[in-house]
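Below: one structure, written as structure tokens.
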Amino acid sequence: MTLRFKDNINSSYFLTKSEITFLENYLYNLKEWGQYDIAILGQCAQFLDFIHLIELSDRMINPSQNSINIPYVKQAIIQTVLNIINIFVDAGLYTPARKFIKYLENIKINDNYMFEKFTLVYNTARYNYKIGDEGALAVMNDCRKALEFCKCFNTSNWIAEEIIRIKDQNSKNN
């Protein structure tokens, strides 16, 4: 289990082609992205094809959006982009994952969003490990230990399981 936000949709749920088309049309026709529109993209990103996901994500983070710096909108964007990074890393699409990691690094996430910052550190390490940086595993373990220190044992356990799983996958791929 990767660190994700608002991952409330049951992974066994299936959207029909017409529902996906309706969703994409709705998001493509937005002039201004609000908090709920951003949350919809974050919740449904797993159902979109990668081309549309990249295009819609780019529209969401477009600097011409007037609401982009409203704190609750910015936080929703950060959370959604973190989820999208995970989707691309899981799919082995490292170029778009890196693009969105860079986006989050460049916007300088406020310290008030500590969990989002923490999740970015972890997901960046996860990305780095998947592209071959063995040292990133130490960062992932540091994140796990920090969660244990904060008594976030469920999340720490998820990370421990994920570390084992990706190490196993990595050894099978090599």
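Remember, predicted model here, so these are calculated numbers, not experimental data. The first residue in the sequence is number 1, and the count goes up from there.
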Grab the two heavy atoms, one from [X] and one from [Y], that are nearest each other, plus how far apart they are.
| X | Y | answer |
| --- | --- | --- |
| Gln46 | Ile87 | N-CD1, 3.7 Å |
| Tyr103 | Ile77 | OH-CG2, 3.9 Å |
| Gln169 | Lys130 | OE1-NZ, 3.6 Å |
| Leu147 | Thr155 | CD1-CG2, 3.6 Å |
| Ala125 | Ala136 | O-CB, 3.2 Å |
| Val73 | Gln35 | CG2-N, 4.1 Å |

Do side-chain atoms of [X] reach the backbone of [Y] as a donor and acceptor pair under 3.5 angstrom?
| X | Y | value |
| --- | --- | --- |
| Glu19 | Thr16 | yes |
| Ser67 | Ile70 | no |
| Asp37 | Trp33 | no |
| Asp49 | His52 | yes |

Next item on the list: Go through Lys74 and Ile68 one step at a time and tell me if the side-chain contact (heavy atoms from CB on, under 4.5 Å) criterion holds.
Entry: CA-CA 6 Å; Lys74 188 171 189 171; Ile68 203 166; over 6 Å; no
Could you measure the distance from the [atom1] atom of [X] to the [atom2] atom of [Y]? Nearest 0.5 Å is fine.
| X | Y | atom1 | atom2 | value |
| --- | --- | --- | --- | --- |
| Ile38 | Leu30 | CD1 | CG | 9.5 Å |
| Asp142 | Lys145 | CG | NZ | 5.5 Å |
| Ile159 | Arg126 | CD1 | CZ | 10.5 Å |
| Leu137 | Ile163 | CG | CD1 | 5.5 Å |
| Glu55 | Met60 | CD | CE | 13.5 Å |
| Ser64 | Arg59 | OG | CZ | 10.5 Å |

Check: Given a cutoff of under 4.5 Å between side-chain heavy atoms of I, L, V, M, F, W and Y, with clusters grown through shared members, what are the other residues clustered with Val139?
Finding: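 Under the 4.5 Å side-chain rule, Val139 groups with Val121.
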Under a 4.5 Å cut-off applied to non-hydrogen side-chain atoms, are [X] and [Y] in contact?
| X | Y | answer |
| --- | --- | --- |
| Pro71 | Tyr113 | yes |
| Ser57 | Ile61 | no |
| Leu93 | Pro96 | yes |
| Met140 | Ile166 | yes |

Item checked: For Tyr72, all residues meeting ring-ring contact (aromatic ring centres under 6.0 Å, His included), sequence neighbours excluded -> none
Note to self: Could you go through Ile78 and Ile107, starting from their C-alpha distance and side-chain angles, then the distance that decides it, and tell me whether this counts as side-chain contact (heavy atoms from CB on, under 4.5 Å)?
What the structure shows: CA-CA 9 Å; Ile78 293 165; Ile107 65 167; 3.8 Å; yes
Check: Quick one: do Lys102 and Glu105 make a salt bridge, cutoff under 4.0 Å?
Finding: yes
Item checked: Working for side-chain contact (heavy atoms from CB on, under 4.5 Å), residues Tyr122 and Glu162 -> CA-CA 12 Å; Tyr122 177 79; Glu162 181 171 56; 2.3 Å; yes
Check: Just by distance, with hydrogens left out, do Arg144 and Asn157 show a side-chain donor and acceptor under 3.5 Å apart?
Finding: no
Next item on the list: Report yes or no: do Asp133 and Tyr127 form a side-chain donor-acceptor pair below 3.5 Å?
Entry: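 Note: Asp133 and Tyr127 side chains miss the donor-acceptor criterion.
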Next item on the list: Walk me through it: do Phe88 and Phe100 pass the test side-chain contact (heavy atoms from CB on, under 4.5 Å)?
Entry: CA-CA 10 Å; Phe88 287 128; Phe100 291 113; 3.9 Å; yes
Checklist line | Sole residue of Leu27, Thr21, Leu23 in side chain to side chain contact (heavy atoms under 4.5 Å, CB included) with Asn25 | finding: Thr21
Item checked: Asn123 and its side chain to side chain contact (heavy atoms under 4.5 Å, CB included) partner, picked from Ile101, Val89, Leu82, Leu104 ->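 Between Asn123 and the candidates, side chain to side chain contact (heavy atoms under 4.5 Å, CB included) is satisfied uniquely by Leu82.
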Check: For atom CZ of Phe153, is the number of surrounding heavy atoms from other residues, nucleotides or ligands below 6.0 Å larger than 12?
Finding: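 Atom CZ in Phe153 is crowded, with more than 12 foreign heavy atoms closer than 6.0 Å.
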Next item on the list: Flag yes if Phe22 and Tyr28 sit in one hydrophobic cluster, no otherwise; membership is Ile, Leu, Val, Met, Phe, Trp, Tyr, and two members link when side-chain heavy atoms are under 4.5 Å apart.
Entry: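 Per the 4.5 Å side-chain linkage, Phe22 and Tyr28 are not co-clustered.
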